[in-house]
Protein chains: 2
Amino acid sequence: MQKLTLKKIAQELEVSISTVSKALKDSPEIGEDTKEKIKAFAKLYNYKPNNIALSLKNRKTRTLGVIIPEIVHHFFTTVISGIEEVAEEMGYTVIIGLSNESFEKEVTNMDKLANGSIDGFILSVSKDTQLRQDFHHLKETIDQGMPIVMFDRAIPEIDCDKVIVDDEEGARKAVKMLLENGASKVAIITTEDHINVGKLRTAGYISALEQSGVPINEALILKLKDAYNDEANLDKLNQEIHSFVLKNAQIDAIFAVNEKYALTAMRAVQLAGKSIPDDIQVVGFTDGVLSRFATPALTTVSQHGKELGRKAARLLIDRIEKDNFDPPFTTVVLETELIQRESTR
Amino acid sequence: MQKLTLKKIAQELEVSISTVSKALKDSPEIGEDTKEKIKAFAKLYNYKPNNIALSLKNRKTRTLGVIIPEIVHHFFTTVISGIEEVAEEMGYTVIIGLSNESFEKEVTNMDKLANGSIDGFILSVSKDTQLRQDFHHLKETIDQGMPIVMFDRAIPEIDCDKVIVDDEEGARKAVKMLLENGASKVAIITTEDHINVGKLRTAGYISALEQSGVPINEALILKLKDAYNDEANLDKLNQEIHSFVLKNAQIDAIFAVNEKYALTAMRAVQLAGKSIPDDIQVVGFTDGVLSRFATPALTTVSQHGKELGRKAARLLIDRIEKDNFDPPFTTVVLETELIQRESTR
DNA sequence: TTTGGTTACGAAATCGTTGTAGTGTTAATA
DNA sequence: TATTAACACTACAACGATTTCGTAACCAAA
């Protein structure tokens, strides 16, 4: 049985297409008995209007395009689940595009979706894009009247709605707690500075130390190359972190800018025969499964990913439905939350 | 600047719409200089054909609908990444629908996408659907000429392409290895039987024991209620597993049907003062981040999620492009791989 | 001059839907 | 009896693209 269309119903019942359309919309123009007949037929054969035709007619797709760097990633999936929740609520569909942290893929993916498939974007730019500082694709889509909401990894130069995490403050809170718990040699394991969130978290670490009058010791700052995040280079990552921990025996606390770094550090510490949290306290960033199931369970800075996704989706849908794509744009800053578990005192 | 259409180009250059269309497709019907002019204009103003219009015309969307029970889930995202890879390669887009393990949401999500938005489904049914044994929505979409590829949680009663994991064999391999390593009291932590994969893994456990001549001891089989998988009931899950471990002091190996159960069991074992793998070996199922970052790193049965996604996408795209929605259907069974890490001897 | 064949383009149908603007019939009003 | 209004429906254009068919203009061969 092929898909039912208005045309087929019209032929079957020997009325015009318009009559069928109006009858199904319960228009007063159509006589009661005709309406009944058409509705019954439609129901019986389970007629559902064709979305594509509607999208073309209305020039609205009720679809949101979400572009993320990676999908096998706890934080991003949490955000998606928030987006999906609101989208579902408001009758929208979600298309996912993956950039795989590549600028090219980000551009082609956006280009593809921008041609009528969606009503707006929710996106977190790839590392590659941050590195190249090439944002022409973002500017162009906005210029073409397509609204964008950026999240987490936002670009200051681009004028659009944004939902970001207060990374700096989150890091500051974490490091201050470490200090208050009696630590004085707090190390940080972070990324290179071109990764925006890494930079911000590093800034939070430094400002926490400064505000507490603790001198900054460059030796306690480990900036890991981005390439080490590949599955293939896991060994290298391990090595770097292990030797960092061994070299700096005075460390009494570690702040890591993600779960992976934190867990690897915990391992290194334990292998070095020190106990967590008694000898060394550890805090991570991002509240994922790793933190919860680590031994000891990792104290971490939660980013409220789901709430972030919800906010982003609401902002975007609001713009779409109000047909308002002009400034002013909002930037929502979500506060982080320090989740105390067993890796701190 | 609004989106450019063929019509606008035609008006601007004072030719007909057909001429523009043909010129851009480099049709020999159009004169060289006219073609040049039109192409230059289109390029300058970055014309891209409207996907929705094309979809309507061709009655093909080049879009795949993926319905999964959950997105914050390592296995499913791995599968998606595989699907996405092939989709990208073949010029397809991916729409994600989440069922949240609910039958209702599965049905409404599928209904929504089935109305012209996609060319076919790749899906893993919700637990709720498995429990209710109500598959009318699957039958109906197939009847309407929409191809479906099921993965992982497949329904035997539904005739369509399937890509599944050899859960039983995977479990058998894991348990046999435990036995070969000298274990004799192997416990299993599994789900209730209405969860298909749980059931299969339990069957594998039992068959491994039988084939090795080890008597089955019902006391060593822990079936956990599905409700315990909720974040909210994490305590209850912990409790159940901990008391199971304590109650059965004779256990010398544990096979858990997922990472969460495995990690929780590891914790319970360690808290009980026993060492892994010396006193008790532990094996999990699903090769996620948890296994890799656990201490000790968890030996696990990998399902090759990415490959599964790739296979599923290829099967679906093949059907779509060959316009062949009829039997025979294929069932691809993916072999699992035992990844030896530190939690076994 | 007539016929035929290129060349270079345009008109119109189509995909499935919606909404506006008719249209034919009947009944009520002036 | 002529006008008008209400009713119940249909025709048509539009959304943006493709594609088949048609045709005007030109040149060459008969």
Side-chain angles (χ1 to χ4, degrees), chain A residues 2-39 42 45-63 112-119 144-146 323, chain B residues 2-39 42 45-63 112-119 144-146 323:
Chain A
Q2 269 305 311
K3 264 264 117 182
L4 201 54
T5 65
L6 288 186
K7 197 178 179 180
K8 287 183 194 146
I9 300 181
Q11 279 166 351
E12 209 61 42
L13 300 183
E14 295 179 303
V15 289
S16 77
I17 297 180
S18 343
T19 304
V20 179
S21 172
K22 286 174 186 163
L24 293 176
K25 309 211 88 114
D26 212 22
S27 154
E29 279 184 75
I30 308 299
E32 279 309 324
D33 32 357
T34 314
K35 271 202 263 192
E36 282 315 310
K37 195 176 61 178
I38 293 175
K39 282 190 197 165
Y45 293 104
N46 193 32
Y47 169 79
K48 295 267 168 57
N50 181 304
N51 275 328
I52 296 288
L54 285 178
S55 294
L56 183 59
K57 184 109 213 343
N58 304 328
R59 279 170 320 151
K60 289 257 146 110
T61 59
R62 296 195 81 82
T63 301
K112 199 172 158 196
L113 296 182
N115 296 304
S117 304
I118 60 163
D119 293 341
Q144 302 218 336
M146 173 80 64
D323 227 322
Chain B
Q2 268 304 314
K3 263 265 117 182
L4 200 56
T5 65
L6 288 186
K7 199 179 180 180
K8 286 181 195 148
I9 300 181
Q11 280 167 351
E12 209 61 42
L13 300 182
E14 295 180 301
V15 290
S16 78
I17 296 179
S18 349
T19 304
V20 178
S21 172
K22 287 172 190 165
L24 292 176
K25 309 213 87 117
D26 211 22
S27 154
E29 277 185 76
I30 308 298
E32 279 310 324
D33 33 356
T34 315
K35 269 202 264 191
E36 281 316 308
K37 195 176 62 180
I38 293 175
K39 281 190 198 165
Y45 293 104
N46 193 31
Y47 168 79
K48 294 268 169 56
N50 181 304
N51 275 328
I52 296 290
L54 285 177
S55 294
L56 182 59
K57 182 97 198 13
N58 305 329
R59 272 151 354 132
K60 288 262 142 98
T61 59
R62 296 194 80 81
T63 301
K112 202 174 156 196
L113 295 183
N115 296 303
S117 303
I118 60 164
D119 294 340
Q144 301 218 339
M146 174 79 65
D323 228 323

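Numbers restart at 1 for each chain; the letters A, B, ... are given by sequence-line order, proteins then strands.
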> Hey, are B:Lys3 and A:Asn115 close enough side-chain-wise for a donor-acceptor pair under 3.5 Å?
Replying inline: yes
> Can you name the closest pair of heavy atoms from A:Lys112 and A:Ser117 and give their distance?
Replying inline: O-OG, 4.0 Å
>> The test is side chain to side chain contact (heavy atoms under 4.5 Å, CB included); show your working for A:Asn46 and A:Leu4 and say whether it passes.
In response: CA-CA 8 Å; A:Asn46 193 32; A:Leu4 201 54; over 6 Å; no
>> Is it the case that the side chains of B:Ser16 and B:Thr19 hold a donor-acceptor pair, with the cut-off being a distance below 3.5 Å and no angle test?
In response: yes
> Which heavy-atom pair separates B:Ile52 from A:Gly116 by the least distance, and what is that distance?
Replying inline: CG1-O, 3.0 Å
> Any idea which heavy atoms bring B:Val20 and B:Ile9 closest together, and the distance?
Replying inline: CG1-CG2, 3.8 Å
>> At a heavy-atom distance below 4.0 Å, which nucleotide of DNA chain D is the first touched by chain B, and which is the last?
In response: D:dC15 to D:dC21
> Is any NZ, NE, NH1 or NH2 atom of the basic residue among A:Lys60 and A:Asp323 found under 4.0 Å from an Asp or Glu carboxylate oxygen of the other?
Replying inline: yes
> Base, sugar-phosphate, or nothing: which does B:Ser55 touch, judged by heavy atoms less than 4.0 Å apart?
Replying inline: nothing
>> Let me confirm one number: the CD-CG distance from B:Gln11 to B:Leu13, rounded to the nearest 0.5 Å.
In response: 10.5 Å
> Thinking salt bridges, do B:Asp119 and B:Arg62 make one under a 4.0 Å N-O criterion?
Replying inline: no
>> Treating primed atoms plus P, OP1 and OP2 as sugar-phosphate and everything else as base, which nucleotides of nucleotides 10-19 of chain C get B, S or - for protein heavy atoms under 4.0 Å?
In response: BBB-BBBBBB
> Using the C1' atoms of five pairs at each end, what's the angle between the two axes of the helix from C:dT1-D:dA30 to C:dA30-D:dT1, to 10 degrees?
Replying inline: 90°
> In Å and rounded to the nearest 0.5 Å, what is the OG to CD1 distance from B:Ser21 to B:Ile17?
Replying inline: 9.5 Å
